[in-house]
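The block underneath contains the structure these notes are about, expressed in structure tokens.
The basis for the numbers below is simple: all heavy atoms, side chains too, and nothing from hydrogens, waters or symmetry mates. Just so we're clear, the structure is a prediction, and the values are computed from it rather than from any experiment.
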Amino acid sequence: MTTMVATLSPKAARPLGYRLAGAFLVLVVVAAVCAPLVAPYEPDGVDFAATLAPMSPEHLLGADQSGRDLFTRVLYGARTSLIGPLALLAIASVLGVALGTLAAWHRGWVDAVVSRLTDVMYAFPGLLFVVLVVAVFGNGMTTAVVALGLAYTPTIARYTRSVALGECGKPYIDAYRVQGMGGFAICVRHLVPNMARSIVGYLVVLFGEGLMSLATLSFLGFGAQPPSSDWGLMVKEGQPAIVQGAFLPVLVPGAAIALVVVSFNVIGVRLADRMGVRGT
């Protein structure tokens, strides 16, 4: 009798939730890029005849208090809602990875100073820090992104330090030192690239948190400003409609935020599990 040994392909081995989350995020990105081609209306097109219109062939997801099409605004809002977290994580990554790598490489008093700085930042509520920055430099998405980037820096710095400490103990680091390569060159050309896979998985998880933070700032009036179609701002603008029994102006952008955040968390957790620190 012949025994058949079945092996699962990488695609088949992936959990259904992971594939659904990935497909949804791809759809959201494509919709954001193609918004001018897909959207049936202008994002700021006011039509008082369609005020708080329900779902219909003319307005697939309904309309808000000003008669603006919610489907169109969600498509355009995906742009700022996705680019904002990407920008703040880019700022936080540059600063955090540099600080974490510096602390792990030099250790001693350098590590102590960086650790105390991150402890101070952790003791100071991140949202309060952002509000103080916004109070000094004014409202706006740019200010909110930069402030949140600074607020996320200690988190990434601490994670990078923990990964770098383990990586610095590997034999290839000593091998490059014996060859006469300087510390800066080793960190830039070998240490940081070898940590990249672990850091990327961690950043994907933080992306959802960053999106929520920016949406919260926009909801509070510190982030995106009208007439932006940012999802957090849409939730704020849709609140008065609840009194009139219309929930779509809040439900549609709120559901978009929730689905994107959950999808990024599903993808990020799996990537964090699969992307270990790569040795050389």
Side-chain angles (χ1 to χ4, degrees), residues 21-22 24-29 31-33 74-100 118 121-122 124-134 137 139-163 195-225 228-236 253-273 275:
F24 175 74
L25 291 179
V26 170
L27 180 62
V28 170
V29 172
V33 173
V74 165
L75 289 180
Y76 277 92
R79 294 181 163 189
T80 57
S81 298
L82 295 178
I83 293 176
L86 191 63
L88 77 86
L89 288 179
I91 296 172
S93 297
V94 171
L95 298 176
V97 170
L99 288 174
T118 57
M121 288 296 293
Y122 271 117
F124 198 74
L127 185 59
L128 179 58
F129 170 78
V130 173
V131 171
L132 289 176
V133 172
V134 170
F137 295 100
N139 298 337
M141 182 60 76
T142 301
T143 304
V145 166
V146 173
L148 280 174
L150 296 176
Y152 275 68
T153 295
T155 301
I156 297 176
R158 179 168 290 187
Y159 179 80
T160 301
R161 175 186 174 275
S162 66
V163 176
M195 297 189 299
R197 298 180 65 188
S198 293
I199 294 174
V200 167
Y202 186 63
L203 290 178
V204 174
V205 176
L206 285 181
F207 189 98
E209 186 178 338
L211 193 155
M212 282 291 296
S213 298
L214 278 176
T216 301
L217 289 178
S218 295
F219 179 82
L220 295 174
F222 299 127
Q225 302 297 311
S228 171
S229 52
D230 179 83
W231 291 343
L233 182 60
M234 287 179 64
V235 173
K236 176 186 177 182
I257 294 172
L259 289 173
V260 171
V261 170
V262 170
S263 297
F264 267 107
N265 285 344
V266 170
I267 298 292
V269 168
R270 181 165 176 82
L271 288 177
D273 291 339
M275 288 185 170

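Residues satisfying the ring-ring contact (aromatic ring centres under 6.0 Å, His included) criterion with Phe264, sequence neighbours excluded, are Phe207. Listed by chain and number, the residues in a ring-ring contact (aromatic ring centres under 6.0 Å, His included) with Phe222 amount to none (sequence neighbours excluded).
Distance CG/Leu233 to CG/Leu217: 12.0 Å, rounded to 0.5 Å. Atoms CD1 and CH2, on Ile257 and Trp231 in that order, are 7.5 Å from each other to the nearest 0.5 Å. For the atom pair CD1 (Ile91) and CD1 (Ile156), the distance works out to 10.5 Å, reported to the nearest 0.5 Å. Considering CG of Asn139 and CD of Gln225, their distance stands at 5.0 Å, rounded to 0.5 Å. Atoms CZ and CD1, from Phe24 and Ile267 in turn, are 11.5 Å apart once rounded to the nearest 0.5 Å. The structure places OG of Ser81 at 8.5 Å from CG of Leu214, a figure rounded to the nearest 0.5 Å.
In this structure the side chain of Leu211 reaches within 4.5 angstrom of the side chain of Leu82, judged on heavy atoms. Looking at heavy atoms from C-beta onward, Val133 lies out of side-chain contact with Leu150 at the 4.5 angstrom threshold. Side chains of Glu209 and Leu206 form a contact here, defined as non-hydrogen atoms less than 4.5 Å apart. The closest side-chain heavy-atom distance from Thr153 to Met121 is not below 4.5 Å. When side chains are defined from C-beta on, Val163 does not count as touching Ile199, because their heavy atoms never get closer than 4.5 Å.
Across Gly210 and Leu88, no two heavy atoms sit closer than the pair O-CD2, 4.1 Å. Residues Ala157 and Thr118 approach most closely at CB-CG2, 4.3 Å, considering heavy atoms. Residues Gly208 and Val261 approach most closely at O-CG2, 3.6 Å, considering heavy atoms. Shortest non-hydrogen contact noted between Ala78 and Ala32 is CB-CB, 3.7 Å. Across Thr80 and Pro85, no two heavy atoms sit closer than the pair O-CD, 4.2 Å.
Remark: the backbone N or O of Ala224 is paired with a side-chain donor or acceptor of Ser218 at under 3.5 angstrom.
Legend: salt bridge (Lys or Arg N to Asp or Glu O under 4.0 Å) pairs involving residues 145-158, not counting sequence neighbours, sorted by first then second residue: Asp119-Arg158.
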